[in-house]
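Here is the structure we will look at, set down as structure tokens.
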Amino acid sequence: MTLYIVRKLAFFLLAVFAASIAIFLLIRGAGGNVAAIILGKDATADAINALAQQYGLDRPMVVQYFDWIGNIFRGDLGRSFRTNEAVTDLVVSRLSISIPLCVSGLLLGLLIAIPAGTYSALNSDKPLGALITILSQVGIAVPVFWAGILLSLLFGVRLGWLPTGGWTNWSADFWGAVRSLVLPIISLGLILGASLTRYVRSAVLDVMNQDYVRTARATGMTRMEALLQVGLRNAALPIATVVGLQIAELIGGTVIIETVFSLPGLSRMILANVAAREVIVVQSTVMLIIIFVMFINLIVDLLYGVLDPRVRLAR
Amino acid sequence: MTLAPAIEVHDLVVGYDALNAVRGVSFTLPRGGRMGLVGESGSGKSMTALALMGLSPTGWHAAGQVLHDGVDLITETDTSFSKRRGRTISMVFQDPMSSLNPVRRVGDQIADVIHRHSKVSRREAMKQALDLMVQMNMPRPEQLARSYPHQISGGQKQRIMIAMALACYPQLIIADEPTTALDVTVQKQVLRLLNAAARDRNTALLMITHDLPVIAAMCDTVAVMYAGRIVEHGPVQEVFRSPRHHYTRGLLDSQPTMDNIALDGSSRLGSIPGMVPPLHNLPTGCAFHPRCAAASEKCRAEMPELGANGAACWHPVKEKAE
Ligand SMILES: Nc1ncnc2c1ncn2[C@@H]1O[C@H](COP(=O)(O)OP(=O)(O)OP(=O)(O)O)[C@@H](O)[C@H]1O
Ligand code: SF4
Ligand SMILES: [Mg+2]
């Protein structure tokens with residue numbers, strides 16, 4: 001297992017490194033003169049040079065790259081050109097919305113998908129099993145923003161139970177913040193749950209037809225015991241893989257949901273900064289998100305090693 | 001007092017929808033008895049075995065009577081049947097590669113069976129599991145017990161499967177082609193172990209195989225299945241020396257023996273013409289008639305039952321003169 005962890009960690013660091021180069025080149029290299037971009041079309045050459053000098057944008061690219069990446073590892077994401085605010089501070093307050101939204105949405109999705117997918121796999125001949133399959137198909141076809149709008153129309157506008165958007169800080173009004181997140185989390189969880197249900201269903205169907213489940217039955221497990229003790233334990237492997245692959249989709253969903261519910265989360269911050277041509281802020285926050293995605297994938301990989309001895313013990 | 005048979009099967013019918021893969025199978029296997037079950041691929045051997053375990057595929061039906069341990073297994077609920085599986089009746093499957101749980105240590109998988117069916121502690125169950133592994137001729141059982149299935153060989157996996165089947169001293173073990181997936185050299189060792197362990201425990205054995213010499217070496221009686229029915233059943237020596245059913249005759253003729261394999265490579269091996277009929281298109285009367293040289297009008301019209309000579313045939317093969 002140690003070898004496995006070391007290998008996965010090394011791979012993670014290597015991937016982060018590669019991603020950082022890619023982002024740096026895409027944003028700096030493809031974009032042309034950063035100082036000119038920031039100042040806009042009407043800026044004078046002198047102003048551009050002054051800004052470049054002030055932020056060290058006139059140094060060689062390699063130096064700038066290592067400066068940037070070194071600072072990121074020290075927790076310094078740079079400063080906004082316009083407001084001079086530290087990006088790190090901006091990001092932290094945004095993350096207090098985005099991370100709970102993302103993680104709870106995923107958990108809710110799993111909480112829906114595992115029982116629903118398992119039930120429909122084992123009871124496809126019953127009405128409820130068929131209904132689950134149909135609902136999950138429908139859920140896959142529904143765009144996230146649509147789900148968000150429908151839910152906010154129903155629970156926010158018509159019933160008035162929950163806010164349809166907006167945000168109060170955790171520290172200012174904790175329960176208010178929770179209430180603001182309920183509908184976004186449900187929208188995200190439902191949509192994610194719908195597509196995960198399909199994967200759970202096929203994983204359970206596949207596993208329950210395996211010879212080792214028959215062995216479990218032949219040695220005295222009831223159908224339910226074989227499902228819970230052998231079936232789901234083995235189905236966890238393909239499900240973990242799919243969850244890892246869905247992380248990117250989850251982040252995409254978060255962007256949309258933050259917009260629909262006007263939550264000042266990280267993704268909306270990026271969009272706003274792209275519009276404001278805040279090159280450094282965009283570059284750093286995108287990098288942060290990529291590290292987050294890779295980190296989740298690292299966790300999934302490690303979890304996979306814990307779940308599957310064939311992976312863990314492979315030479 | 002004499003013990004009830006290990007299993008008594010009456011008119012077992014197994015199938016799905018209107019199709020039956022097993023069509024009225026009956027036999028009795030006494031305590032400690034050994035019965036071989038042979039027949040071409042698709043004749044219904046596995047479906048018979050699974051029905052005895054109450055593990056027919058989903059959507060399949062099983063009817064008739066299967067008396068075991070004082071109950072009729074056909075009418076058992078899944079919960080109470082579960083308490084027998086692995087304890088009084090167990091099964092060894094064909095493919096050990098896929099039959100063990102890939103994410104559980106093999107020692108634990110044996111111990112699980114013991115722990116489930118007896119009141120012993122986990123620790124004691126593991127001790128018994130290690131003992132079983134020693135009986136299965138597995139060197140260094142402590143180390144092996146900690147392995148996962150992918151870390152051990154096919155022969156070792158099948159010994160683990162056999163240890164699981166034996167763990168609770170069952171009255172009956174059904175072995176469905178237990179060695180076909182193994183190397184030829186390993187096959188013999190595994191069969192010898194299964195044989196010896198079953199004999200020690202007075203466990204009855206229902207041995208399904210295509211390997212007639214194995215049946216000859218291990219079993220008391222042999223039943224020959226064709227198209228879902230037992231067409232001949234009798235003591236191994238009698239059936240093999242002097243088959244009465246034309247299908248049995250054909251099966252034996254298609255076996256390689258010392259004197260029909262010529263050293264120059266030319267073979268005088270016989271083979272049965274035609275193929276096993278599909279379930280949805282079974283012939284009338286004796287299902288073997290399209291492939292039988294001795295078939296008559298009667299064979300095509302009426303289904304023969306097993307007779308006193310042990311064969312279900314209207315025109316049995318003449319007994320071989322000694
Ligand atoms: N899951 C299934 N669905 C439909 N038909 C099946 C299924 N399993 C087996 N059958 C059919 O049932 C019949 C009996 O099959 P069975 O597996 O019992 O044969 P067998 O004697 O064990 O053959 P083999 O020597 O190949 O193991 C065959 O006609 C087979 O095609
Ligand atoms: S009953 Fe007739 S067809 Fe069937 S084996 Fe006997 S002789 Fe052949
Ligand atoms: Mg079979």
Side-chain angles (χ1 to χ4, degrees), chain A residues 1 3-4 118-126 129-130 201-241 301-315, chain B residues 49-50 52-59 77-106 109-118 146-151 157 160-161 163-168 170 173-174 176 181:
Chain A
M1 186 75 191
L3 182 71
Y4 180 75
T118 305
Y119 184 88
S120 76
L122 302 180
N123 300 283
S124 49
D125 51 337
K126 298 205 186 118
R201 179 186 145 86
S202 78
V204 170
L205 267 182
D206 178 58
V207 162
M208 292 309 279
N209 277 322
Q210 295 292 318
D211 287 351
Y212 52 79
V213 170
R214 189 180 57 185
T215 305
R217 298 272 285 130
T219 53
M221 284 192 200
T222 60
R223 212 168 273 127
M224 195 46 119
E225 287 167 340
L227 169 71
L228 296 178
Q229 294 172 31
V230 179
L232 287 184
R233 176 69 181 69
N234 278 282
L237 307 173
I239 294 173
T241 308
D301 271 353
L302 294 182
L303 190 67
Y304 209 83
V306 171
L307 289 174
D308 192 345
R310 286 161 298 187
V311 171
R312 184 194 327 148
L313 301 171
R315 291 289 110 179
Chain B
L50 287 173
L52 302 186
M53 290 296 290
L55 294 177
S56 299
T58 29
T77 62
D78 187 50
T79 322
S80 53
F81 204 154
S82 288
K83 298 198 175 83
R84 297 178 196 287
R85 293 191 197 105
R87 185 173 60 90
T88 63
I89 179 169
S90 40
M91 183 154 175
V92 179
F93 295 99
Q94 176 170 348
D95 192 355
M97 309 302 160
S98 56
S99 292
L100 286 166
N101 184 352
V103 299
R104 192 145 175 79
R105 296 175 199 275
V106 295
Q109 298 196 40
I110 306 176
D112 284 347
V113 184
I114 300 166
H115 186 64
R116 183 171 311 122
H117 290 300
S118 57
R146 279 195 298 275
S147 310
Y148 288 94
H150 75 279
Q151 296 175 300
K157 282 200 255 281
I160 298 285
M161 292 295 298
M164 287 166 71
L166 285 167
C168 298
I173 290 184
I174 302 167
D176 189 356

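Quick note: numbers below take in every heavy atom, side chains included, and nothing from hydrogens, waters or symmetry partners. A quick note: this is a predicted structure, and the numbers were derived from the prediction, not measured. Order of the sequence lines fixes the chain letters, A, B, ..., with proteins taken first and strands second; residue numbering starts at 1 for each chain.
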Using 0.5 Å steps for rounding, measure from the [atom1] atom of [X] to the [atom2] atom of [Y].
X      : Y      : atom1 : atom2 : result
B/Q109 : A/Y212 : CD    : OH    : 11.0 Å
B/N101 : A/Q210 : CG    : CD    : 10.5 Å
A/N234 : B/R104 : CG    : CZ    : 11.5 Å
A/D211 : B/M97  : CG    : CE    : 11.5 Å

Please state whether the side chain, the backbone, both or neither of [X] comes within less than 4.5 Å of a heavy atom of chain A.
X      : answer
B/L55  : side chain
B/Q151 : side chain
B/R87  : neither

Which of these, A/E225, A/R217, A/M224, A/M221, sits in a side chain to side chain contact (heavy atoms under 4.5 Å, CB included) with B/S82? A/R217

Which pair of heavy atoms, one from A/P309 and one from B/P102, lies closest together, and at what distance? CG-O, 3.4 Å

Kindly give the heavy-atom pair with the smallest separation between A/L237 and B/V103, and that separation in Å. CD1-CG1, 4.3 Å

Take B/Y148 and A/R312, measure what side chain to side chain contact (heavy atoms under 4.5 Å, CB included) needs, and give me the verdict at the end. CA-CA 11 Å; B/Y148 288 94; A/R312 184 194 327 148; 3.7 Å; yes

Are any of the side-chain heavy atoms of B/M164 and A/T215 separated by less than 4.5 Å? yes

Does any non-hydrogen side-chain atom of B/R116 lie less than 4.5 Å from one of A/T219?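 A side-chain contact under 4.5 Å exists here.
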
Validate the cation-pi geometry between A/R214 and B/F93: distance from NZ or CZ to the six-membered ring centre under 6.0 Å, angle to the ring axis within 45°. yes

For A/R223, is it the side chain, the backbone, both, or neither that has a heavy atom closer than 4.5 Å to a heavy atom of chain B? both

